**Student:** 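Just passing along the structure, written as structure tokens.
Please read all numbers here as calculations on a predicted model, not as lab measurements.
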Amino acid sequence: MNTPIVDFVRAYAQSGTARLHMPGHKGVSFLGCEPFDITEIAGADDLFHAEGVIAESEQNAAALFGACATFYSTEGATLPIKAMLALAVQNAPKNGIRPRILATRNAHKSFLYGCALLDIDVDWLCGEDAHLCACTVSADALERALRAAEAPYCAVFVTSPDYLGNMLDIAALSAVCRAHGVPLLTDNAHGAYLAFSHPVCHPIALGATMCADSAHKTLPALTGTAYLHIAKDAPKAFFEGARAAMAMFASSSPSYLLLQSLDLCNRYLATEFPEALALCAARVAGLKELLTSVGYVMLGDEPLKLTVDGRARGWDGEALASALREGGVEPEFADCDCVVLMCTPQTTEEELSRVGVALVSLPERAKVKKTHTVMAYTTEKVLTVREAMLAAHEKISVKNAVGRICAAPTVSCPPAIPIAVSGERITREHVALFEAYGIEEIDVVK
């Protein structure tokens, strides 16, 4: 597979052209990457008006992912998430009703920021899961929610896989959405690689209308790279308006280093990646079996994610993370329930072995009692998301927050999933969860 962006930039770097244009380093090496860091010069194309090398590279990506169209992001999955919301609102029936979206409660805070900017109301789909990061919703639950709606939603927004590796039945959910004439938007930030798994489990292949993928989380691409995918049977207006929707929220100076990373990644995905992915998935499955055999509980069903619950062996997630660090392993995320480790084909067999050695060697201790990271689903909406985010804020102690209205969605990243949503009245259950995640101060409406 060709790499038009990479080829252009390398040729330019070797051309000896005097760089009387941005950026200011003029191709002189400080970090070492500067010769390949350019801007929208002649021939380099323009990300948000792409007709040349960028458009060609994006077409390569669309073919790899089985999409009608794929659009590059150099601002992570945050940008395509906001663009999906904008497209859903712009193309919803004009019935004089404020735009409203139905979303799983474990949505990333970038979803809330998009709703605030676009003034979208949100109704929440709440799963049976007790964890902040999880929200497993069935097709039946979605059907009931859509039938009970007082007015049509402009979209349904789900997160799959979630931070713990739980994967929703996207095929079943998309069938429900189609029956109701509602587009299904998927935050697939943790699952770009699923387009190359066996069987293919990528949301676009399973019927989602649009999908935001983070390339850098699970593919060999630089931090900040991402995709917006639009399905082949999506409304034509989604494809036609996608670049404008992306440009609405994006910097006008996208990184050509990141664009080259996405471009070069296409060649790897088209050649070595599927076989390497299958081998990695087999190794991860073997490690999961080993850990299960000694008493650990493995959460989620994502092939490349290890979410380990060690409380039955006397180890909470944060203690497991400390033990892993002592063994030379840095996890992705840990809380008092579990520890999350993200693997890719670039994770070596020796590194996976370190995980096994570190966890299997831990002595069994008294069982950890059930922790209190239970999600507070029963909430009172006082303001819209936009009203709360744009209102005057003040920062107060979490201990004094009961009864106040949440302003900004305070939560660490990872997992960047709001404990209290902007506009909700804060409850004692919210406070308990804030304290469980070590959050001492929060922003509330004045």
**Student:** For the atom pair CG (Asn60) and CG (Leu262), what is the distance rounded to the nearest 0.5 Å?
**Tutor:** 12.0 Å
**Student:** Is any NZ, NE, NH1 or NH2 atom of the basic residue among Glu58 and Arg243 found under 4.0 Å from an Asp or Glu carboxylate oxygen of the other?
**Tutor:** yes
**Student:** Examine distances only and state if a side-chain atom of Arg283 and a backbone atom of Leu352 form a donor-acceptor pair shorter than 3.5 Å.
**Tutor:** no
**Student:** Is the charged tip of Lys217 near the ring of Tyr193: under 6.0 Å from the six-membered ring centre and within 45° of its axis?
**Tutor:** no
**Student:** Can you check side chain to side chain contact (heavy atoms under 4.5 Å, CB included) on Asp309 and Asp337, steps first, answer last?
**Tutor:** CA-CA 6 Å; Asp309 182 345; Asp337 291 332; 5.7 Å; no
**Student:** Please confirm whether the backbone N or O of Leu117 pairs with a side-chain atom of Arg386, one donor and one acceptor, at under 3.5 Å?
**Tutor:** yes
**Student:** Please round to the nearest 0.5 Å and tell me the distance separating atom CG of Leu341 and atom CD of Glu351.
**Tutor:** 11.5 Å
**Student:** Measuring from atom CD of Glu289 to atom OG of Ser293, what distance do you get when rounded to the nearest 0.5 angstrom?
**Tutor:** 8.5 Å
**Student:** Any side-chain to backbone donor/acceptor pair from Ser422 onto Ala388? Under 3.5 Å, distance only.
**Tutor:** no
**Student:** Looking at Ser322 and Glu318, would you say the former's side chain and the latter's main chain have a donor-acceptor pair under 3.5 Å?
**Tutor:** yes
**Student:** Lys305 and Asp162: salt bridge (Lys or Arg N to Asp or Glu O under 4.0 Å), yes or no, with the steps?
**Tutor:** CA-CA 10 Å; Lys305 189 168 284 178; Asp162 63 30; over 6 Å; no
**Student:** In sequence, state the C-alpha distance, the side-chain angles, and the governing distance for Leu146 and Val156, and then conclude on side chain to side chain contact (heavy atoms under 4.5 Å, CB included).
**Tutor:** CA-CA 9 Å; Leu146 291 176; Val156 172; 4.1 Å; yes
**Student:** Do Leu85 and Cys115 have side chains that get closer than 4.5 Å, going by heavy atoms?
**Tutor:** yes
**Student:** Determine whether more than 12 heavy atoms belonging to other residues, nucleotides or ligands lie under 6.0 Å from atom NE2 of His180.
**Tutor:** yes
**Student:** Could you pull out the closest heavy-atom pair between Ile97 and Ala151, with the gap in Å?
**Tutor:** CD1-CB, 3.7 Å
**Student:** Under a 3.5 Å distance rule, please check whether Asp213 uses its side chain to pair with a backbone N or O of Ala215 as donor and acceptor.
**Tutor:** no
**Student:** Are side-chain heavy atoms of Cys343 and Leu306 found at a separation under 4.5 Å?
**Tutor:** yes
**Student:** Between CG of Leu173 and CG of Leu168, what distance do you get to the nearest 0.5 Å?
**Tutor:** 6.0 Å
**Student:** Could you check whether any side-chain N or O of Trp315 sits under 3.5 Å from a backbone N or O of Pro363, counting only pairs where one atom can act as donor and the other as acceptor?
**Tutor:** yes
**Student:** Before giving the answer on salt bridge (Lys or Arg N to Asp or Glu O under 4.0 Å), spell out for Glu75 and Lys82 the whole-Å C-alpha distance, their side-chain angles and the decisive distance to 0.1 Å.
**Tutor:** CA-CA 11 Å; Glu75 298 172 53; Lys82 291 176 181 176; over 6 Å; no
**Student:** Using only atom types and a distance under 3.5 Å, with no angle test, would you say the side chain of Arg178 pairs donor to acceptor with the backbone of Gly207?
**Tutor:** yes
**Student:** Around atom NZ of Lys367, are there more than 12 heavy atoms from other residues, nucleotides or ligands closer than 6.0 Å?
**Tutor:** no
**Student:** Might you point out which heavy atoms bring Cys265 and Pro220 nearest each other, and give the distance in Å?
**Tutor:** SG-CD, 4.1 Å
**Student:** Just by distance, do the side chain of Thr209 and the backbone of Pro183 share a donor-acceptor pair under 3.5 Å?
**Tutor:** no
**Student:** Ala83 and Met246: which non-hydrogen atoms are nearest, and at how many Å?
**Tutor:** CB-SD, 3.7 Å
**Student:** Say you draw a straight line from CD1 of Ile170 to CG of Leu184; how long is it, rounded to the nearest 0.5 Å?
**Tutor:** 5.5 Å
**Student:** Check the angle between the aromatic planes of Phe239 and Phe71 and answer parallel, tilted or perpendicular using the 30° and 60° thresholds.
**Tutor:** tilted
**Student:** For atom CD of Glu275, decide whether the heavy atoms of other residues, nucleotides or ligands shown that lie under 6.0 angstrom number more than 12.
**Tutor:** no
**Student:** Identify the two heavy atoms, one from Asn95 and one from Pro152, that lie closest to each other, and give their separation to 0.1 Å.
**Tutor:** ND2-CD, 4.3 Å
**Student:** Is Glu350 atom CD crowded by more than 12 heavy atoms from other residues, nucleotides or ligands, each under 6.0 Å away?
**Tutor:** yes
**Student:** For residues Ala107 and Ile417, report the shortest heavy-atom separation together with the two atoms involved.
**Tutor:** O-CG2, 3.8 Å
**Student:** Mind running side-chain hydrogen bond (donor to acceptor under 3.5 Å, both in side chains) on Asp335 and His131 for me, showing each step along the way?
**Tutor:** CA-CA 10 Å; Asp335 62 14; His131 199 281; 2.6 Å; yes
**Student:** So Phe249 and Leu118, side chain to side chain contact (heavy atoms under 4.5 Å, CB included) or not? Walk me through it.
**Tutor:** CA-CA 11 Å; Phe249 303 103; Leu118 294 161; 4.0 Å; yes
**Student:** Working to the nearest 0.5 angstrom, can you tell me the gap between Thr292 OG1 and Leu287 CG?
**Tutor:** 9.0 Å
**Student:** Check whether any side-chain heavy atom of Leu219 lies under 4.5 Å from a side-chain heavy atom of Phe273, and answer yes or no.
**Tutor:** yes
**Student:** Inspect the surroundings of CD in Glu440 and state if more than 12 heavy atoms from other residues, nucleotides or ligands are less than 6.0 Å away.
**Tutor:** no
**Student:** Is any side-chain heavy atom of Val385 closer than 4.5 Å to one of Ile120?
**Tutor:** no
**Student:** Distance to the ring centre below 6.0 angstrom and angle to the axis at most 45 degrees; does that hold for Arg313 and Tyr296?
**Tutor:** yes
**Student:** So which heavy atom on Pro418 is nearest to which on Leu132, and how close?
**Tutor:** O-CD1, 3.9 Å
**Student:** Does Pro345 reach the side chain of Tyr268, with side-chain heavy atoms less than 4.5 Å apart?
**Tutor:** yes
**Student:** Partners of Tyr227 by side chain to side chain donor-acceptor pair (under 3.5 Å), sequence neighbours excluded?
**Tutor:** none
**Student:** Report yes if the side chains of Asn188 and Ile204 come closer than 4.5 Å at any heavy-atom pair, otherwise no.
**Tutor:** no
**Student:** Verify the neighbour count for atom CZ of Arg365: are there more than 12 heavy atoms of other residues, nucleotides or ligands below 6.0 Å?
**Tutor:** yes
**Student:** Would you mind reporting whether Val158 and Val137 have side-chain heavy atoms less than 4.5 Å apart?
**Tutor:** no
**Student:** Among side-chain atoms of Asn106 and Thr104, is any donor-acceptor pair under 3.5 angstrom?
**Tutor:** yes
**Student:** Is there a donor-acceptor pair closer than 3.5 Å between any side-chain N or O of Ser397 and the backbone N or O of Lys399?
**Tutor:** yes
**Student:** Is Arg325 salt-bridged to Glu330, cutoff N-O under 4.0 Å?
**Tutor:** yes
**Student:** Going through the checks in order, is the side chain to side chain contact (heavy atoms under 4.5 Å, CB included) test met by Tyr113 and Ile81?
**Tutor:** CA-CA 10 Å; Tyr113 291 143; Ile81 285 172; over 6 Å; no
**Student:** For the backbone of Ser57 and the side chain of Tyr72, can you confirm whether one donor and one acceptor N or O come within less than 3.5 Å of each other?
**Tutor:** yes
**Student:** Side chains of Leu320 and Leu362, heavy atoms from C-beta outward: is any pair under 4.5 Å?
**Tutor:** yes
